[in-house]
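Notes follow once the structure below has been shown.
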Amino acid sequence: MSANRDEILKELGLWPVWKLREPPAADPGSAGAPPAVEVRFGSTDASPARPKRSPAVADAAPVLPLDARAAEIARMDWPQLKASVAGCTACPLHKGRNKTVFGVGDEQAEWLFIGEGPGADEDAKGEPFVGQAGKLLDNMLAAIALKRGKNVYIGNMVKCRPPGNRNPEPLEVAQCEPYLHRQIDLLRPKLIIALGKVAAVNLLKREASVASLRGKVLAYQGTPMIVTYHPAYLLRSLPEKAKAWEDLCFAVDTMRDLQSRAAAPI
């Protein structure tokens with residue numbers, strides 16, 4: 001492990017205990033065997049109780065009605081989509097924003113990370129995951145040999161900051177969801193990483209704890225998805241960083257499998 005990797009793991013509070021697993025040696029007798037769809041890690045303790053906030057999951061139908069607005073968004077290319085988000089007034093969040101936060105990164109990325117919504121720093125800069133949570137996310141990416149903007153795209157469920165950093169309301173998520181759908185259609189990522197409960201339950205359209213969703217290959221509209229903790233939560237709950245590292249290692253293993261399957265001859 002390089003000195004730079006050691007420094008990153010120290011920042012995550014995981015050094016020298018954790019080490020990124022190497023891919024296992026090929027087993028001639030297991031060629032072509034599909035991976036387990038569901039993998040569980042040892043501890044799935046529930047997250048500590050938090051103050052009551054807005055509902056985390058949107059009470060919307062699993063598939064957004066293909067109304068005129070959603071249909072129009074579904075035909076947009078990247079420049080049109082960015083312009084539409086910048087001028088969006090579809091929900092009340094636009095009244096208090098400084099900047100919309102469209103997303104950032106490689107527009108042909110295999111990795112897509114999705115959070116809940118912009119905070120104060122993101123609202124000021126117009127970029128997702130900046131400030132201390134963004135620094136931690138960048139360190140998490142570096143620990144698995146990834147980098148913001150290089151085969152990685154980062155976005156959120158909603159493009160405008162909810163007041164007081166509350167959870168986005170169901171209407172707000174529903175109005176922004178066509179934008180996220182189109183981003184995913186244009187990106188065609190191999191793997192989605194849902195960061196935190198709000199993103200996870202809104203993508204899955206069902207209530208669940210992060211602890212119950214970890215260690216599984218789930219799916220969002222046919223794209224494999226893994227759930228882990230939000231970096232902002234990890235800053236408040238340092239012992240959970242070890243669990244987040246397990247999730248990242250699991251994600252690396254899953255991505256390797258997806259890449260090998262894509263490269264395999266038909």
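- Taken to the nearest 0.5 Å, the NZ atom of Lys95 stands 9.5 Å off from the OG1 atom of Thr89.
- Here the closest non-hydrogen pair linking Leu204 and Ala219 is CD2-O, 3.9 Å.
- Around the CD atom of Gln108, the shell of radius 6.0 Å holds no more than 12 heavy atoms that belong to other residues, nucleotides or ligands.
- Closest non-hydrogen pair, Ile193 versus Ala251, comes out as CD1-CB, 3.9 Å.
- With rounding to the nearest 0.5 angstrom, the CG atom of Asn151 is 6.5 Å from the CE atom of Met255.
- Cation-pi check for Lys243 over Tyr229 is not met; the charged atom does not lie both under 6.0 angstrom from the ring centroid and within 45 degrees of its normal.
- Ion pairing between a basic and an acidic side chain is recognised when a charged N comes within 4.0 Å of a carboxylate O; Glu127 and Lys99 show no such pairing.
- Separation of atoms SG (Cys88) and CZ (Arg97) is listed at 6.5 Å; rounding is to 0.5 Å.
- Under the 4.0 Å criterion applied to side-chain N and carboxylate O atoms, Asp121 and Lys125 are not assigned as salt-bridge partners.
- Atom CZ of Arg188 sits in a sparse spot, with 12 or fewer heavy atoms from other residues, nucleotides or ligands closer than 6.0 Å.
- Residues Leu235 and Val210 are members of one and the same hydrophobic cluster, defined by side-chain heavy-atom contacts under 4.5 angstrom among Ile, Leu, Val, Met, Phe, Trp and Tyr.
- In terms of heavy-atom proximity, Met76 sits nearest to Leu186 at O-CD1, 4.0 Å.
- Considering only heavy atoms from C-beta on, Leu195 comes within 4.5 Å of Thr228 through its side chain.
- Using a 4.0 Å cut-off between charged nitrogen and carboxylate oxygen, Lys150 and Glu107 do not count as a salt-bridge pair.
- Looking at heavy atoms from C-beta onward, Val104 lies out of side-chain contact with Tyr153 at the 4.5 angstrom threshold.
- Residues Asn202 and Pro170 fail the side-chain proximity criterion, which asks for heavy atoms closer than 4.5 Å.
- Not a single donor-acceptor pair under 3.5 Å links the side chain of Ser237 to the backbone N or O of Glu240.
- Side-chain contact check for Asp123 and Asn98: at least one donor-acceptor pair (N or O, by modelled atom type) lies under 3.5 Å.
- Contact of the Leu146 side chain with the Ile144 side chain is registered, since non-hydrogen atoms from C-beta on lie closer than 4.5 Å.
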Does the pair Leu112 and Leu191 meet the rule for a side-chain contact (heavy atoms from CB on, under 4.5 Å), with working shown?
CA-CA 6 Å; Leu112 171 59; Leu191 184 63; over 6 Å; no
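- When the side chains of ILVMFWY residues are joined at heavy-atom separations under 4.5 Å, either directly or via intervening members, Leu141 and Leu187 end up in a single hydrophobic cluster.
- Atoms CG and SG, on Leu171 and Cys176 in that order, are 10.5 Å from each other to the nearest 0.5 Å.
- Two residues are said to be in side-chain contact when any heavy atoms from C-beta on lie closer than 4.5 Å; Ile154 and Leu137 meet this criterion.
- Closest heavy-atom contact between Pro118 and Asn165: O-OD1, 4.2 Å.
- Using the six-membered ring where Trp is involved, Phe102 and Trp78 have ring planes that are perpendicular, over 60° apart on the 30 and 60° scheme.
- Residues Ile184 and Gln221 fail the side-chain proximity criterion, which asks for heavy atoms closer than 4.5 Å.
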Evaluate Lys147 against Val152 for side-chain contact (heavy atoms from CB on, under 4.5 Å), listing each step before the verdict.
CA-CA 7 Å; Lys147 183 178 181 181; Val152 170; over 6 Å; no
Apply the test side-chain contact (heavy atoms from CB on, under 4.5 Å) to residues Arg214 and Glu246: give CA-CA distance (whole Å), side-chain angles for both, the deciding distance (0.1 Å), then the verdict.
CA-CA 9 Å; Arg214 292 179 56 244; Glu246 289 179 346; 3.0 Å; yes
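- Salt bridge Glu172/Arg166: present, at least one basic N to carboxylate O contact under 4.0 Å.
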After noting the C-alpha distance and the side-chain angles of Val201 and Arg206, does the key distance pass the side-chain contact (heavy atoms from CB on, under 4.5 Å) rule?
CA-CA 5 Å; Val201 299; Arg206 61 183 173 90; over 6 Å; no
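- Side-chain atoms of Val198 and Pro168, non-hydrogen and from C-beta on, do get closer than 4.5 Å to each other.
- Glu177 and Arg182 are not joined by a salt bridge, as no carboxylate oxygen comes within less than 4.0 angstrom of a charged side-chain nitrogen.
- Taking the side chain as every heavy atom from C-beta outward, Met225 and Leu203 approach each other to under 4.5 Å.
- Between Arg256 and Asp253 a salt bridge is recorded (basic side-chain N to carboxylate O distance below 4.0 Å).
- In the hydrophobic cluster analysis, where Ile, Leu, Val, Met, Phe, Trp and Tyr join through side-chain heavy atoms closer than 4.5 angstrom, Ile192 is grouped together with Val158.
- No side-chain donor from either of Arg75 and Gln80 sits under 3.5 Å from a side-chain acceptor of the other.
- In this structure, OH on Tyr220 lies 6.0 Å from NZ on Lys205, to the nearest 0.5 angstrom.
- To the nearest 0.5 Å, the span separating OG1 on Thr223 from CG on Asp185 amounts to 8.5 Å.
- In this structure, the ring of Phe113 has its center no less than 6.0 angstrom from the ring center of His230.
- In the hydrophobic cluster analysis, where Ile, Leu, Val, Met, Phe, Trp and Tyr join through side-chain heavy atoms closer than 4.5 angstrom, Ile114 is grouped together with Phe129.
- Nearest approach of Ser212 to Ala208, heavy atoms of both residues: OG-CB, 3.7 Å.
- Of all heavy-atom pairs between Pro178 and Ile73, the closest is O-CG2, 3.4 Å.
- Look at Lys159 and Glu122 and you find no salt bridge, because none of the NZ, NE, NH1 or NH2 atoms lies under 4.0 Å from a carboxylate O.
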